[in-house]
Amino acid sequence: MTVSEEDRHLRLTGEFDCDATPLATLRHSTSHVMAQAVKRLFPEVKVAIGPAIEDGFYYDFFKAEPFTPEDLARIEDEMRSIAKADLRFERREMPRAEAIAFFRQRGERFKVEILEGLDAPTVSLYTQGDFIDLCRGPHVGSTGQIRFFKLLSSSGAYWRGDEKNPMLQRIYGTAWLTQEELDRHLWRLEEAKKRDHRKLGRELDLYIFNEVSPGAPIWLPGGWTIVRELERFVREKLDASGYQEISTPILVNKKLWEQSGHWDYYQENMFLVESEEQIFSLKPMNCPESTIVYRHALRSYRDLPLRFSDMGRLHRNERSGTLTGLFRVRQFTQDDAHVYCRLDQIQAEITAMLGLVRDWYKPFGLEPFFKLSTRPPKSLGTDEQWRVAERGLEDALRANGLAFELNPGDGTFYGPKIDVDIQDALARRWQMATIQIDFQQPERFGLEYVDSDGQPKPPVMIHRAIFGSFERIVGILTEHYAGAFPTWLAPVQARVIPISEKFADYARSVHERLRAARVRSELDDRNEKLGYRIREAQLSRVPYMLVCGAREAEAGTVSLRHRSGDDLGAVPVDRVVGDLAREIAARESSLTVGRS
RNA sequence: GCCGGGGUAGCUCAGAGGCAGAGCAACUGAUUCGUAAUCAGUAGGUCGCGGGUUCGACUCCCGCCCCCGGCUCCA
């Protein structure tokens, strides 16, 4: 269903217009009806392209003024009347030269441009009522089948995705086979808005952004607690997987980047700093410095594989318009590592990494999807190296029985890669892990090991990040959990609430016992009504509320409430402390305290 | 970076050439409370930044910064 960028470019050259699935066909037809409505309401507008995409469709129009929300409402009304008229979609073929003349005469310059790029002798046109469009189809039988749709937004988009081309006005819409599916999709859009991590980050006091450093989060105590827990998770896992952690400088002399190739291939994304007539850069990647660690000692074939983890803070000068909360930042920390191994160890190492992906995502209930990206147009290295590296990754995926999507030309300049997307609670996909083979850095930095025959050989370098970046994963998890983090990640794990001042001392003793057991507890003994303080704890998604009154002080219990709203009644303090400690240590995904 | 929309109190937002507003939060006081908002009072502003027009600019004009929706790019 997903239409990759590659497919879209193919479509432009007329290979096909959309998948023949009923849903994609419906969406594609809906985009034609939208174009028809736009042409009726704005006759001067020129049409460009209108494909089906994931969850819907769009159509690009050449129009001086952007569409307003009122325009969208009018267009949607017009679409409904076109649908009601139940016009037939009629296909007809035409010699390409004739089609060029036809569209040129109508002033449809974009259609002419598409046609001129085709080499087919004949092309097909689809007509419904007063609208005719160059299109390979297929389409639904008639506009009457288009019923469950909604226009969502409009924005600028470049013709053929190239910023040197004219800016078009794109209208996005969604279309489904049933009212239920449409409603569910619209609900998901609403829910996604509510879960927006930028909003929740502020409301839950996790992280904020400030114009003094665009694209760099300012971590508040709550959000930083989450980062620390994730780092602890990563370190525990790495310690158990044969990795060694290192740390390398953030500010690095340009000379290193010249040697690594980043100066030629990545400079536009690097922040530069000058000092004493030397040029330095904030590192955009950790890999070149990891080679210095490799070279620090003479390495033997017996030493390999060497696995260096380096959770370095990176800076990449992303274009200002691309920054988005924690999802796209200029400063971030990868859970990065570089593995140096022999050729014969590649597959075992990649396999182990794919194992890490599955193991690490499990506690979060995140489903991984694998993508293999191959050699891009601008790259370093020989054909032979690329062939070996690409096959190494593919073999490991196949050996593990993992399905994957192929992204030709999407690799880095130094090697092919496996990227891993996850699907969150709202079925949205985000990129997380990346595993990249690199023959270039070892060569450029003259890395070698002494093989069993006494000869020096170059090691293979594998870059990999499993969570991707701590920033991005915190953003993803914030939305995935809608702010209700599992207890081990929750900034505040328990809030102790005395019913009134009279029981503040008892509540304090409960709070102190929790703290002694390293539970992140807070005491809310403010002079507010119980209901008010429960409400505040609920709104901050604190997993457990421990209410203390006369009965509890008497019996050595607390009245336990889960943020789910469940009231577990009186539970002995000993048991609450024990259950909480166990739930946290086990990184449980659900609330268990008082239930066992 | 490009197209469009924005930036007013800590937060959410109203206001539009002539005294800067509300709700929530904060603070003070009263209340001492049994599971999602007790009452009363007080305080809070470089209206993003800089320049211009005007008797007078939060409001109009110009430039810049940042944010939002997309394009492009990406961990």
Side-chain angles (χ1 to χ4, degrees), chain A residues 5 58 60 63-69 152-172 193 196 198-199 202-203 205 208-215 268-269 284-285 314 316-336 410 412 417 419-421 430-434 436 463-473 475-476 497-504 525-540 545-552 559-563 565-570:
Chain A
E5 202 52 38
Y58 68 78
D60 285 346
K63 179 174 180 288
E65 293 294 310
F67 292 101
T68 64
L152 298 173
S153 61
S154 67
S155 66
Y158 302 108
W159 168 234
R160 294 192 155 168
D162 187 333
E163 65 191 27
K164 292 181 201 74
N165 286 338
M167 179 70 74
L168 306 174
Q169 302 300 332
R170 175 173 298 178
I171 301 177
Y172 284 98
K193 225 181 276 177
D196 188 314
R198 292 165 296 192
K199 177 174 172 270
R202 202 167 42 238
E203 287 174 2
D205 296 321
I208 49 176
F209 293 85
N210 187 285
E211 63 185 86
V212 297
S213 189
E268 58 186 23
N269 284 302
M285 297 182 189
L314 306 181
R316 296 184 187 174
N317 195 2
E318 307 291 355
R319 300 165 90 179
S320 58
T322 65
L323 304 174
T324 307
L326 290 174
F327 290 160
R328 193 74 194 286
V329 289
R330 283 190 174 141
Q331 176 199 279
F332 61 105
T333 306
Q334 287 181 325
D335 61 315
D336 203 2
D410 224 25
T412 69
K417 61 178 180 173
D419 286 324
V420 186
D421 284 354
W430 308 102
Q431 186 173 330
M432 303 245 296
T434 185
Q436 310 179 348
H463 312 244
R464 107 284 173 289
I466 307 298
F467 283 162
S469 80
F470 289 98
E471 286 74 9
R472 179 173 285 180
I473 196 177
I476 291 169
I497 309 176
I499 283 172
S500 76
E501 233 168 66
K502 283 180 254 171
F503 313 106
D525 58 357
R526 289 175 302 167
N527 178 16
E528 296 289 350
K529 288 179 75 171
L530 178 61
Y532 179 87
R533 287 173 293 160
I534 293 282
R535 176 182 151 82
E536 292 226 322
Q538 286 286 147
L539 289 175
S540 15
M545 285 149 265
L546 282 52
V547 176
C548 301
R551 297 196 296 268
E552 291 77 13
S559 177
L560 181 67
R561 181 191 162 104
H562 288 193
R563 71 177 163 212
D566 293 359
D567 185 347
L568 289 253

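With rounding to whole Å, Ile497(A) atom CD1 is found 16 Å from rC33(B) atom P. The nearest whole Å value for the distance from the CZ atom in Arg328(A) to the P atom in rG70(B) is 14 Å. For the pair Asn269(A) CG and rG1(B) C1', the computed distance is 12 Å after rounding to whole Å. Per the geometry, CE belonging to Met167(A) stands 12 Å off C1' belonging to rG69(B), to the nearest Å. In this structure, Ile534(A) places its CD1 atom 9 Å from C1' of rG34(B), rounding to the nearest Å. A straight line from CG of Leu530(A) to P of rA36(B) spans 8 Å, rounded to a whole angstrom. Nucleotide rU32(B) holds its P atom 13 Å from the CZ atom of Phe503(A), rounded to whole Å.
Listed nucleotides rG69(B), rA75(B), rC71(B) differ in distance to Thr324(A); the shortest reach to its side chain belongs to rG69(B). Here the side chain of Phe332(A) is nearest to one of rG69(B), rC73(B), rA75(B), namely rA75(B). In this structure, of rU72(B), rG34(B), rG4(B), it is rG4(B) that holds the atom nearest to the side chain of Pro66(A).
Close to rA36(B), at under 4.0 Å from its OP1 or OP2, lies a side-chain N or O of Arg561(A). Between Lys417(A) and rA75(B) there is a side-chain N or O to OP1 or OP2 distance below 4.0 Å. Taking side-chain N and O atoms only, Lys502(A) has a distance below 4.0 Å to OP1 or OP2 of rC33(B). A close approach under 4.0 Å does not occur between any side-chain nitrogen or oxygen of Arg319(A) and OP1 or OP2 of rC71(B).
A salt bridge links Asp196(A) to Arg198(A): one of the charged nitrogens lies within less than 4.0 Å of a carboxylate oxygen. Note on Glu528(A) versus Arg535(A): no salt bridge recorded, every NZ/NE/NH1/NH2 to OD/OE distance being 4.0 Å or above.
Across all strands shown, rG44(B) has no partner, as no Watson-Crick or G-U wobble contact with both distances under 3.5 Å is found. Under the Watson-Crick or G-U wobble criterion, with both distances below 3.5 Å, rG4(B) is paired with rC68(B). Nucleotide rA22(B) forms a Watson-Crick or G-U wobble pair with rU12(B), both donor-acceptor distances falling under 3.5 Å. Both distances falling under 3.5 Å, in either a Watson-Crick or a G-U wobble arrangement, place rG63(B) opposite rC49(B). In this entry rG34(B) has no Watson-Crick or G-U wobble partner, no candidate having both defining distances under 3.5 Å. As the counterpart of rC74(B), no nucleotide is assigned, since no Watson-Crick or G-U wobble pattern has both distances under 3.5 Å.
At a threshold of 4.0 angstrom between heavy atoms, the contacts of Met432(A) are confined to the sugar-phosphate backbone, with no base atom among them. Using a 4.0 Å heavy-atom cutoff across all strands shown, Ala433(A) reaches no nucleic acid atom at all. Counting any heavy atom pair closer than 4.0 Å across all strands shown, Arg202(A) reaches sugar-phosphate atoms only and no base atom. If you check every strand for non-hydrogen atoms under 4.0 Å, Glu318(A) touches a base. Across all strands shown, Gly531(A) has heavy atoms under 4.0 Å from sugar-phosphate atoms exclusively, and none from any base. Here Gln431(A) lies in heavy-atom contact (under 4.0 Å) with sugar-phosphate atoms only. Among the heavy atoms of the strands lying under 4.0 Å from Gly156(A) is at least one base atom, whether or not backbone atoms are also near. Residue Glu268(A) is classed as having no contact, given no heavy-atom separation below 4.0 Å to the nucleic acid.
A gap of 14 Å separates the P atoms of rG21(B) and rA16(B), to the nearest Å. For the P atoms, the distance linking rG17(B) with rG7(B) amounts to 16 Å, nearest Å. One C1' atom belongs to rU59(B), the other to rG6(B), and the distance between them is 16 Å to the nearest Å. On the P atoms, rC67(B) is 16 Å away from rG48(B), given to the nearest whole Å. Between the P atoms of rA20(B) and rU38(B), the separation comes to 34 Å (whole Å). Distance check on atom P: rA43(B) versus rG23(B) gives 14 Å, rounded to whole Å. Rounded to the nearest Å, the gap between the C1' atom of rC58(B) and that of rA36(B) is 38 Å. Nucleotides rU8(B) and rC3(B), compared at atom P, are 24 Å apart to the nearest Å.
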Enumerate the protein-to-nucleotides 25-30 of chain B contacts in which both atoms are nitrogen or oxygen and the separation is below 3.5 Å.
from, atom 1, to, atom 2, distance (Å)
rA25(B), OP1, Tyr532(A), OH, 3.1

Can you give me the N/O atom pairs linking the protein to nucleotides 63-67 of chain B at distances under 3.5 Å, or say none if there are none?
none

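Formation of a donor-acceptor pair under 3.5 Å by the Arg533(A) side chain with backbone atoms of Pro498(A) is found in this model. A side-chain donor-acceptor contact under 3.5 Å links Gln538(A) to the backbone of Arg563(A).
Closest approach of Phe332(A) and Ser469(A) over heavy atoms only: CD1-CB, 3.5 Å. Residues Leu530(A) and Ile497(A) approach most closely at CD1-CG2, 3.6 Å, considering heavy atoms. When every heavy atom of Glu471(A) is checked against every heavy atom of Thr333(A), the shortest pair comes out as OE1-N, 2.8 Å.
In this model, a donor atom of one side chain and an acceptor atom of the other lie less than 3.5 Å apart for Gln431(A) and Asp419(A). Side-chain atoms of Arg316(A) and Gln331(A) form no donor-acceptor pair, as typed in the model, at a separation below 3.5 Å. With 3.5 Å as the limit, one finds a donor-acceptor pair spanning the side chains of Tyr172(A) and Arg170(A).
At a cut-off of 3.5 angstrom, counting only N and O atoms as typed in the model, there is a donor on one side and an acceptor on the other between the side-chain of Tyr158(A) and the base of rG1(B).
Nucleotides of RNA chain B nearest to Gln334(A) and Gln169(A) differ in position, and the one nearer the 5' end is that of Gln169(A). Mapping Lys529(A) and Glu501(A) onto RNA chain B by nearest heavy atom places Glu501(A) at the nucleotide closer to the 5' end.
Summarising the geometry, atom CZ belonging to Arg328(A) is positioned 4.0 Å from atom OG1 belonging to Thr322(A); distances are rounded to the nearest 0.5 Å.
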